[in-house]
Amino acid sequence: MYLPIYISFKNVIIEICKFTINSLDYKEYFLECRKNYLKKKPALDTLYKNPLRIINPTIYSKNTIEILKSLSSKVKIDFESGKHDVKKLILFQNIWDYREALQSICLDLIPYLESTMFGCDLYVSSASIYRTKNFFKREGFYLWHNDDFPHETLKAIIYLDKVDENNSPVEFLLDENKNAILAECQKLGQSKWVDAPSVVHENEVLNLTKNRNFSTHKVFGDQFTTIGFLNNTIHRANLLHEGYYRDVINFTVRPTIKKCKTLISNEWTNSPLNCRMSRNPMISWHNSKYTTI
C-alpha cells in the first residue's frame with residue numbers, strides 16, 4: 001500500500017537530480033566530465049595555470065600529415081579564386097567539402113587535448129577554415145582580446161602554412177612565469193552570464209610588461225604547428241606583411257559528459273559566424289534539437 005508514495009518519492013529524487021545537473025556552471029560540468037573519463041588525467045589546475053599549448057606537428061600520424069598537405073593545397077586554390085572573401089577575413093564557405101579530412105585530423109588532435117589538457121571527453125562545437133586578410137591598421141582580432149567564452153572551452157588553431165614574423169603569427173600575453181593569462185570570466189554558466197567587453201587596451205599590456213615583468217610571445221611555427229588555448233586567454237593576431245598570407249583551421253572544443261560518437265559533424269559543429277554559446281553546459285552535441293548553440 002506504500003507503492004504510490006515510493007513512486008512519488010522516487011520521481012521527486014529524479015527531478016531533483018535533473019534540476020541539479022541542469023543548474024551546473026561550466027566548471028562544475030567540466031568536473032563531472034572529468035569523473036566520467038577513465039583514462040589518465042592531467043592535474044586539474046594545470047588547465048587554468050597554463051592555458052596555452054604549442055603543439056608540435058609530430059602528434060599527427062603520417063596519414064594525417066598527408067591529409068593536411070592535401071587540404072592545405074586545396075584550400076590555397078579555393079581562397080585564391082576570390083569566392084570566399086568576407087569583410088574581415090577570407091572564410092571558406094562550406095567546410096563540409098572537407099568532411100573526411102577534418103574528421104581524420106580530429107581523431108589525432110582531440111584525444112591529445114583530452115589526455116594532456118582537460119582530462120575528459122571533448123567534441124568540436126564550431127569549426128572554420130580561413131585566410132587572414134591584409135589590414136593596414138589594428139582592429140578586431142588584431143587587437144589584444146579574449147573571446148568572452150566560459151573558461152572551459154578551447155580554441156585550436158592549425159597553421160596550414162609555415163608562420164613567421166611576416167604572416168600574422170598569433171601572439172599571447174604571458175605572466176612573470178611565462179604562462180599565458182586568462183581574462184576574468186564573465187560567462188560562468190547558469191549562475192552568471194554577462195556579455196563583457198573583450199578588448200584589452202594596448203596601454204594595459206604595456207603597463208604590465210613594463211611594471212610587472214610580463215611579456216608577449218609570438219607563436220612562429222612550421223606548417224601544421226597547432227596552438228591550443230582556452231578561449232579567454234589574452235591574445236591577438238598580427239598584421240600581415242605585404243605579399244604574405246596565413247591559412248588556418250580553427251576549432252572550438254568543449255567538454256562533454258557523454259562521449260561523442262563523431263568528434264566533428266555538421267549535425268552539431270557550427271560555423272563561428274552562427275555559433276552562439278548557451279549558458280547551459282548540458283546543451284551539447286547529443287541534444288539534437290539544441291545543436292545551434
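Residue indices begin at 1 and follow the sequence shown.
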How far does CD1 of Ile257 sit from CE of Met282, to the nearest 0.5 angstrom?
5.5 Å

All N/O donor-acceptor pairs, side-chain side in residues 61-71, below 3.5 Å, sequence neighbours left out:
| residue | atom | partner | partner atom | Å |
| --- | --- | --- | --- | --- |
| Ser61 | OG | Thr64 | N | 3.1 |
| Ser61 | OG | Thr64 | OG1 | 2.9 |
| Ser61 | OG | Asp108 | OD2 | 3.4 |
| Thr64 | OG1 | Asp108 | OD2 | 2.7 |

Can you confirm whether Tyr130 sits close enough to Ile249 that some side-chain heavy atom of one is under 4.5 Å from a side-chain heavy atom of the other?
no

Closest non-hydrogen contact found for Lys259 with Asp121 is NZ-OD1, 3.3 Å

Validation row: Met117, Arg53 side chains within 4.5 angstrom (heavy atoms)
yes

Indicate yes or no for a side-chain donor-acceptor contact from Thr233 to the backbone of Ala180 under 3.5 Å, with no hydrogens or angles considered.
no

Identify the residue among Asp147, Asn231, Thr252, Asn250 that makes a side chain to side chain donor-acceptor pair (under 3.5 Å) with Lys155.
Asp147

With hydrophobic residues grouped by side-chain heavy-atom distances under 4.5 Å, do Ile54 and Leu174 end up in a single group?
yes

Can a donor-acceptor pair be found, under 3.5 Å and without considering hydrogens, that links the side chain of Tyr244 to the backbone of Val163?
no

With clusters defined by side-chain heavy atoms of hydrophobic residues (ILVMFWY) lying less than 4.5 Å apart, directly or transitively, does Ile129 cluster with Leu107?
yes

So the ring-ring contact (aromatic ring centres under 6.0 Å, His included) pairs with at least one residue in residues 156-180 (sequence neighbours excluded) are Phe172-Phe229

Who are the side-chain contact (heavy atoms from CB on, under 4.5 Å) partners of Ile59, not counting sequence neighbours?
Ile55, Leu109, Tyr112

Please evaluate residues Arg138 and Asn238 with respect to the criterion side chain to side chain donor-acceptor pair (under 3.5 Å), reporting the C-alpha separation (whole Å), side-chain torsions for both, the decisive distance (0.1 Å), and the verdict.
CA-CA 8 Å; Arg138 287 194 177 274; Asn238 280 282; 2.6 Å; yes

For Leu160, does its backbone N or O pair with a side-chain atom of Gln223 as donor and acceptor, under 3.5 Å?
yes

Decide whether a cation-pi geometry holds between Lys258 and Tyr123; the criteria are a distance under 6.0 Å from NZ or CZ to the six-membered ring centre and an angle within 45° of the ring axis.
no

Besides Ile181, the hydrophobic cluster formed by Ile, Leu, Val, Met, Phe, Trp and Tyr side chains linked at under 4.5 Å, directly or via other members, contains Trp144, Leu173, Val200, Val205, Leu208, Phe214, Ile234

Of all heavy-atom pairs between Phe224 and Ser72, which one has the smallest distance, and what is that distance?
CE2-CB, 4.4 Å

Sorted by chain and number, sequence neighbours left out, side-chain contact (heavy atoms from CB on, under 4.5 Å) with Asp195 holds for Asp148, Lys187

Following the transitive rule for hydrophobic clusters with a side-chain heavy-atom cut-off under 4.5 Å over Ile, Leu, Val, Met, Phe, Trp and Tyr, establish whether Leu31 and Leu113 coincide in one cluster.
yes

Taking every heavy atom of Lys162 against every heavy atom of Asn167, the minimum-distance pair comes out as O-ND2, 2.9 Å

Under 3.5 Å, side chain of Thr269 to main-chain N/O of Asn266, donor-acceptor pair present?
no

Between CG on residue Asn232 and NE2 on residue His145, distance to nearest 0.5 Å
10.0 Å

ILVMFWY network linking Leu188 to Leu230, side-chain heavy atoms under 4.5 angstrom
no

Any side-chain heavy-atom pair of Arg236 and Glu202 under 4.5 Å
yes

Please answer: with hydrophobic residues joined when any side-chain heavy atoms are less than 4.5 Å apart, are Trp96 and Ile158 in the same cluster?
yes

Are the side chains of Phe251 and Ile157 in touch, meaning some heavy atoms are under 4.5 Å apart?
no

Side-chain donor/acceptor of Asn166 to backbone N/O of His241, under 3.5 Å
no

Mind running side-chain contact (heavy atoms from CB on, under 4.5 Å) on Leu182 and His151 for me, showing each step along the way?
CA-CA 8 Å; Leu182 282 172; His151 274 346; 4.0 Å; yes

Do Arg246 and Asp161 sit within salt-bridge range, that is, some charged N less than 4.0 Å from a carboxylate O?
no

Would you say Ser126's side chain and Val124's backbone share a donor-acceptor pair under 3.5 angstrom?
no

For the CD atom of Gln103 and the CD1 atom of Ile264, what is their distance to the nearest 0.5 Å?
7.5 Å

Closest non-hydrogen contact found for Thr225 with Pro57 is N-CG, 3.6 Å

Judged by atom type as modelled, is there a donor-acceptor pair below 3.5 Å linking the side chain of Asp164 to the main-chain atoms of Phe220?
no

Approximate separation, where rounding is to 0.5 Å, of Ser115 OG and Tyr37 OH:
5.0 Å

Could you tell me whether a side-chain N or O of Asp25 sits under 3.5 Å from a main-chain N or O of Glu28, the two making a donor and an acceptor?
no

Taking it one step at a time, do Gln190 and Asn280 satisfy side-chain contact (heavy atoms from CB on, under 4.5 Å)?
CA-CA 6 Å; Gln190 304 284 30; Asn280 182 358; 3.5 Å; yes

Any donor and acceptor pair, going by atom type alone, linking the side chain of Ser265 with main-chain N or O of Thr262 inside 3.5 Å?
no

On the 0 to 90° scale, with breaks at 30° and 60°, tag the Phe30-Phe118 ring pair as parallel, tilted or perpendicular.
perpendicular

Is there a side chain to side chain donor-acceptor pair (under 3.5 Å) between Ser168 and Tyr142? Walk through the geometry before answering.
CA-CA 9 Å; Ser168 190; Tyr142 294 103; 5.0 Å; no

What is the distance from atom CZ of Phe149 to atom SG of Cys185, rounded to the nearest 0.5 Å?
11.0 Å

Step by step, work out the side-chain contact (heavy atoms from CB on, under 4.5 Å) result for Asn179 and Leu52.
CA-CA 8 Å; Asn179 291 322; Leu52 166 67; over 6 Å; no

Distance under 6.0 Å and angle within 45° of the ring axis: does Arg131 meet both against Tyr245?
yes

Taking only residues two or more places apart in sequence or in another chain, which ones pass side-chain contact (heavy atoms from CB on, under 4.5 Å) with Lys49?
Asp45

What one should report as the nearest heavy-atom pair of Arg34 and Cys120 is N-CB, 3.8 Å

Whether over 12 other heavy atoms sit under 6.0 Å from Glu100 CD:
no

Backbone N/O of Ala196 and side chain of Gln186: donor-acceptor pair under 3.5 Å:
no

Should Val253 and Ile110 count as side-chain neighbours, where that means a heavy-atom distance under 4.5 Å?
yes

Charged N to carboxylate O below 4.0 Å: is that the case for Lys27 and Glu152?
no

Taking all non-hydrogen atoms of both residues into account, name the closest pair between Leu122 and Leu263 and its distance.
O-CD2, 3.5 Å

Output for pair (Leu206 CG, His201 NE2), nearest 0.5 Å, gives 12.5 Å

